[in-house]
Number of protein chains: 2
Amino acid sequence: MSERKLTRNQQLVLDRLAASGSALTAYDLLDQLRGEGLRAPVQVYRALETLGQRGLIHRIESMNAFIACCAHDHQAAAGFAICDDCGEVAEFAFPASEEGLRSEVGKAGFETRHMTVELHGRCAACAGR
Amino acid sequence: MSERKLTRNQQLVLDRLAASGSALTAYDLLDQLRGEGLRAPVQVYRALETLGQRGLIHRIESMNAFIACCAHDHQAAAGFAICDDCGEVAEFAFPASEEGLRSEVGKAGFETRHMTVELHGRCAACAGR
DNA sequence: CAAAGAAGTGTAATGATATAACGTATGTTT
DNA sequence: AAACATACGTTATATCATTACACTTCTTTG
Ligand SMILES: [Zn+2]
Ligand SMILES: [Zn+2]
Ligand SMILES: [Zn+2]
Ligand SMILES: [Zn+2]
């Protein structure tokens with residue numbers, strides 16, 4: 001059987017990310033969890049690694065930050081729309097484009113294992129509509 | 001009038017990236033250009049910034065690395081297929097999927113200004129075909 | 001051409017992100 | 001209970017990127 005229960009540190013990190021709703025860096029998380037007894041970056045990074053392997057969080061490469069997954073049980077790749085004005089990050093799926101990208105590089109014999117899709121711009125709220 | 005001529009440092013960095021053909025980190029570049037007189041990270045980062053603004057190079061977010069643009073005069077967004085076995089990075093265009101992504105987030109009122117699209121996997125050569 | 005402004009330079013220090021190494025503890029399987 | 005896998009805390013270090021400052025070079029324009 002798989003799916004161990006999350007450990008205390010893992011749960012703390014996941015809960016903090018989920019409560020935040022936004023993307024946090026490892027050091028943001030460390031600062032916010034010092035009150036819970038976390039003291040060193042490596043404790044946060046270890047929790048983040050496990051949570052990532054289990055698909056409970058995503059890493060936002062262009063921000064060096066992490067966010068709780070809001071979809072769970074991914075069939076498809078995750079994309080992110082990142083507002084550079086307010087920092088909001090919205091997760092989205094893009095099944096048609098995903099297939100398009102996969103086949104675009106597949107023509108050259110490339111086997112895609114993971115996609116990083118991060119759109120930077122301005123969210124509806126910040127555009128003032 | 002725009003389009004200044006590239007300075008010595010900028011040309012050194014661009015030439016090194018173009019000659020390499022692969023993605024290099026700022027510190028890779030610094031090491032390889034010490035013989036040309038470069039001494040400090042900031043010299044490389046400054047050149048990289050200008051080159052990026054002019055569209056002569058791209059930053060690969062998921063590698064903290066930089067690569068020479070092989071397309072020039074981008075109408076479209078750039079995507080990258082990155083082989084995790086050999087490190088090869090291939091730039092590609094994806095006009096249809098690009099439009100799909102843009103409209104996917106556009107439904108929520110998001111205005112896309114820049115796309116990071118990085119596909120990790122295995123290249124044809126490494127797959128042994 | 002000379003003055004003014006914009007862009008670039010080198011040096012030094014620092015900040016921000018991430019991992020390695022070590023020995024110990026805890027939980028699960030047999 | 002022994003063996004194994006996973007996680008722990010601590011310390012140190014590696015890697016990536018920027019700030020600050022004083023000075024120089026290039027470009028524009030009066
Ligand atoms: Zn997700
Ligand atoms: Zn916004
Ligand atoms: Zn390009
Ligand atoms: Zn390869």
Side-chain angles (χ1 to χ4, degrees), chain A residues 1-17 20 22-54 56-67 82 84 87 89 116 118, chain B residues 1-17 20 22-67 82 84 87 89 116 118 120:
Chain A
M1 202 52 67
S2 62
E3 293 312 285
R4 277 171 104 88
K5 192 183 159 200
L6 293 182
T7 66
R8 171 173 157 82
N9 288 358
Q10 291 160 7
Q11 196 68 57
L12 284 171
V13 168
L14 179 58
D15 287 350
R16 196 77 252 319
L17 278 175
S20 156
S22 57
L24 299 177
T25 69
Y27 282 76
D28 288 340
L29 284 162
L30 177 56
D31 285 345
Q32 296 182 19
L33 292 173
R34 283 195 192 280
E36 307 292 340
L38 268 65
R39 296 165 191 283
V42 70
Q43 296 177 287
V44 174
Y45 280 106
R46 285 199 283 231
L48 288 169
E49 178 170 18
T50 303
L51 294 170
Q53 286 167 353
R54 302 208 187 180
L56 300 175
I57 63 170
H58 299 285
R59 176 178 167 85
I60 310 294
E61 298 287 352
S62 57
M63 299 177 75
N64 295 325
F66 302 84
I67 193 165
I82 300 153
D84 293 323
V89 178
T116 295
E118 300 172 7
Chain B
M1 202 54 64
S2 61
E3 291 313 285
R4 277 167 104 88
K5 194 183 159 200
L6 292 182
T7 65
R8 172 174 156 81
N9 287 358
Q10 290 160 6
Q11 195 68 57
L12 284 170
V13 168
L14 179 58
D15 287 351
R16 196 78 251 323
L17 277 175
S20 156
S22 55
L24 299 176
T25 68
Y27 281 76
D28 288 340
L29 285 163
L30 177 57
D31 286 344
Q32 297 181 18
L33 292 173
R34 284 195 192 278
E36 308 291 342
L38 267 67
R39 298 165 189 283
V42 71
Q43 296 177 287
V44 175
Y45 281 106
R46 286 199 282 227
L48 289 169
E49 178 169 18
T50 302
L51 294 170
Q53 285 168 353
R54 302 209 188 180
L56 300 175
I57 63 169
H58 298 286
R59 175 178 168 87
I60 310 294
E61 298 288 353
S62 58
M63 299 177 75
N64 295 328
F66 303 85
I67 192 164
I82 300 154
D84 293 323
V89 178
T116 295
E118 300 172 8
H120 283 260

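Note on naming: letters A, B, ... go to the chains in the order of the sequence lines (proteins, then strands), and numbering restarts at 1 for each one.
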Between [X] ([atom1]) and [N] ([atom2]), how many Å, whole number?
X     : N      : atom1 : atom2 : value
A/L29 : C/dT17 : CG    : P     : 11 Å
A/E36 : D/dG9  : CD    : C1'   : 17 Å
A/I60 : C/dA18 : CD1   : C1'   : 18 Å
B/R46 : D/dT25 : CZ    : C1'   : 14 Å
A/Q10 : C/dT26 : CD    : P     : 16 Å
B/L30 : D/dA14 : CG    : P     : 17 Å
B/L33 : C/dG10 : CG    : C1'   : 15 Å
A/E49 : D/dC8  : CD    : C1'   : 15 Å

So [Y] and [X], do their side chains get closer than 4.5 Å, heavy atoms only?
X     : Y     : answer
A/T50 : A/T7  : no
B/K5  : B/Q10 : no
A/D15 : A/L12 : no
A/M63 : A/V89 : yes

Where each residue is assigned the nucleotide of DNA chain D containing its nearest heavy atom, which of A/A40 and A/T50 is assigned the position nearer the 5′ end? A/T50
Determine whether the side chains of A/T116 and B/H120 contain a donor N or O and an acceptor N or O closer than 3.5 Å.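 Distance-only check fails for A/T116 and B/H120.
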Heavy atoms under 4.0 Å, any strand shown: does B/R39 hit a base, just sugar-phosphate, or nothing?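 Sugar-phosphate, backbone atoms only, no base.
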hbond_proxy B/R8 side chain to C/dG8 base (donor-acceptor, 3.5 Å cutoff):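 Not at all, since no donor on one side and acceptor on the other fall under 3.5 Å apart.
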Donor-acceptor pair (no angle test) under 3.5 Å: B/Y27 side chain, D/dA17 base: yes
Report the nucleotide, chosen from C/dG10, D/dT19, C/dA18, that has the shortest atom-to-atom distance to any side-chain atom of B/V42.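 Among C/dG10, D/dT19, C/dA18, the one nearest the side chain of B/V42 is D/dT19.
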Look at the side chain of A/P41 and decide which nucleotide, out of D/dT10, D/dA20, C/dT19, has an atom nearest to it. C/dT19
Would you say [N] has OP1 or OP2 under 4.0 Å from some side-chain N or O of [X]?
X     : N      : answer
A/Y45 : C/dA18 : yes
A/N9  : D/dG9  : yes
B/R4  : D/dC26 : no
B/T7  : C/dA7  : no
A/R59 : C/dA18 : yes
A/Q43 : D/dC8  : no

With nearest nucleotide decided by heavy atoms, which residue, A/N64 or B/A47, maps closer to the 5′ end of DNA chain C?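 Its nucleotide being nearer the 5' end, the pick is B/A47.
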Below 4.0 angstrom, N of the basic side chain to O of the carboxylate: do B/R34 and B/E36 qualify?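 Looking at B/E36 together with B/R34, the answer is no, because their closest N to O distance does not fall below 4.0 Å.
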